[in-house]
There are 2 protein chains.
Amino acid sequence: MAQKSFEDYMECPFHLAMSVLEGRWKFAILYVLSARGTLRFKELERSVPGISTRMLTKELKHLESHGIVRRVPYATVPPKVEYSLTDIGISVSPVIDEISKWGEQYLASVDPSTS
Amino acid sequence: MAQKSFEDYMECPFHLAMSVLEGRWKFAILYVLSARGTLRFKELERSVPGISTRMLTKELKHLESHGIVRRVPYATVPPKVEYSLTDIGISVSPVIDEISKWGEQYLASVDPSTS
DNA sequence: GTTCCTAGGAACACAAAGGTAACTATTGCG
DNA sequence: CGCAATAGTTACCTTTGTGTTCCTAGGAAC
């Protein structure tokens, strides 16, 4: 299977989006940044249940390199780095909201007593 | 890291949804089923670019076991099996749509000449 | 008679994803 | 002094994901 280029994905907005947002942690990170605004690295680590330091840095780098997350480091000791969503990052919120909404519907369909 | 149970996810609709929809191919499969309705196995395989037979069967089984996809086999030769979305599966469409919309916005933000 | 078509299942192997532990630098606190 | 705290990085190892190949049944087309 040949590697897809950016140009290949451009044809289909859906696949373009998924090529950027795919992965086990990206939506979860965007979810907490969307809900809670600016967060420091360790705050994020504590807010995304189960993620490891390594994965968090990797995913944040990926999101930053795609312009979705903003990274603002401070030259203090101990170090302080703040992460927040960029404008295009904020525009992922409707996706997050729809996923949450669907989660509620799914829960209701699986366990009608909760609705 | 301990395995999360369904009950753990129930607290948060977002994480519940992601626990069901996570994976490289699930959104893509739902995308084509949502757009094209009922499809046979091979049609699906051809419609999801890059997926292998094995992954398609695995993902379809997963989605079927969660009540998102309906599987209707026919006792013909050659075999014929039709896949379609259930009601709760159809309700994923808004998520798909928002992802597509975001893809367009993202494309425009990366390459303003396209908007 | 030979070959093609479908909807997978089984076994095998490799690559990618992810976890864990150790390490850094500097300041503040007790 | 000794320890905690932050934001990572690196090396090493395990787990999972995914691809590949081979296989089936029986009618249809050649």
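Quick caveat, the model's predicted, so the values are computed rather than measured. Just so we're on the same page: letters track the sequence lines, and every chain starts at 1.
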Quick one: which protein N/O atoms are closer than 3.5 Å to N/O atoms of nucleotides 5-9 of chain C? Pair and distance per line, please.
residue	atom	partner	partner atom	Å
C:dT6	O3'	B:Arg40	NH2	3.1
C:dT6	O3'	B:Pro79	O	2.7
C:dA7	OP1	B:Arg40	NE	3.0
C:dA7	OP1	B:Arg40	NH2	3.2
C:dA7	OP1	B:Val81	N	3.2
C:dA7	OP2	B:Lys42	N	2.9
C:dG8	OP1	B:Arg71	NE	3.4
C:dG8	OP1	B:Arg71	NH2	2.6
C:dG8	OP2	B:Tyr83	OH	2.5
C:dG9	OP1	B:Lys61	NZ	3.1
C:dG9	OP2	B:Lys61	NZ	3.2

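A:Ile51 has its CD1 atom 13 Å from the P atom of C:dT20, to the nearest Å. Put simply, NE2 on A:His62 is 16 Å from C1' on C:dG18, counting in whole angstrom units. Atom-to-atom, CG of B:Leu56 to C1' of D:dG19 comes out at 14 Å; the value is rounded to the nearest Å. Atom CE of B:Met55 is separated from atom P of D:dT21 by 16 Å (rounded to the nearest Å). In this structure, B:Trp25 places its CH2 atom 10 Å from C1' of D:dG19, rounding to the nearest Å. Nucleotide D:dA7 holds its P atom 9 Å from the CD atom of A:Glu45, rounded to whole Å. We find that OH of A:Tyr74 is positioned 18 Å from C1' of D:dG8, with the value rounded to whole Å. Distance, B:Arg54 CZ to D:dG17 P: 10 Å, rounded to whole Å.
Residue B:Val77 shares its hydrophobic cluster (ILVMFWY side chains chained together at separations under 4.5 Å) with no other residue. The hydrophobic cluster containing B:Val72, built from Ile/Leu/Val/Met/Phe/Trp/Tyr side-chain heavy atoms closer than 4.5 Å, also comprises B:Tyr74.
Salt bridge annotation for A:Arg40-A:Glu43: absent, with no cationic side-chain nitrogen under 4.0 angstrom from a carboxylate oxygen.
Residues that satisfy the side-chain contact (heavy atoms from CB on, under 4.5 Å) test with B:Pro73, not counting sequence neighbours, are B:Arg71, B:Val81. B:Tyr31 meets the ring-ring contact (aromatic ring centres under 6.0 Å, His included) test with A:Phe14, A:His15; sequence neighbours excluded. Applying the side-chain hydrogen bond (donor to acceptor under 3.5 Å, both in side chains) test to A:Ser47 and every residue at least two apart in sequence or in another chain returns A:Arg36. Every residue was checked against the salt bridge (Lys or Arg N to Asp or Glu O under 4.0 Å) condition with B:Glu104, not counting sequence neighbours, and none meets it. With sequence neighbours left out, A:Ser109 forms a side-chain hydrogen bond (donor to acceptor under 3.5 Å, both in side chains) with no residue at all. For B:Thr53, the side-chain hydrogen bond (donor to acceptor under 3.5 Å, both in side chains) partners at least two apart in sequence or on another chain are B:Glu45. For B:Gln105, there are no side-chain hydrogen bond (donor to acceptor under 3.5 Å, both in side chains) partners at least two apart in sequence or on another chain.
Near DNA chain D, meaning a heavy atom under 4.0 Å away, there are no residues from residues 27-36 of chain A.
Axis deviation across the helix from C:dG1-D:dC30 to C:dG30-D:dC1 amounts to 0°, comparing end segments of five pairs, rounded to 10 degrees.
A heavy-atom distance below 4.5 Å is not found between the side chains of A:Phe41 and A:Lys80.
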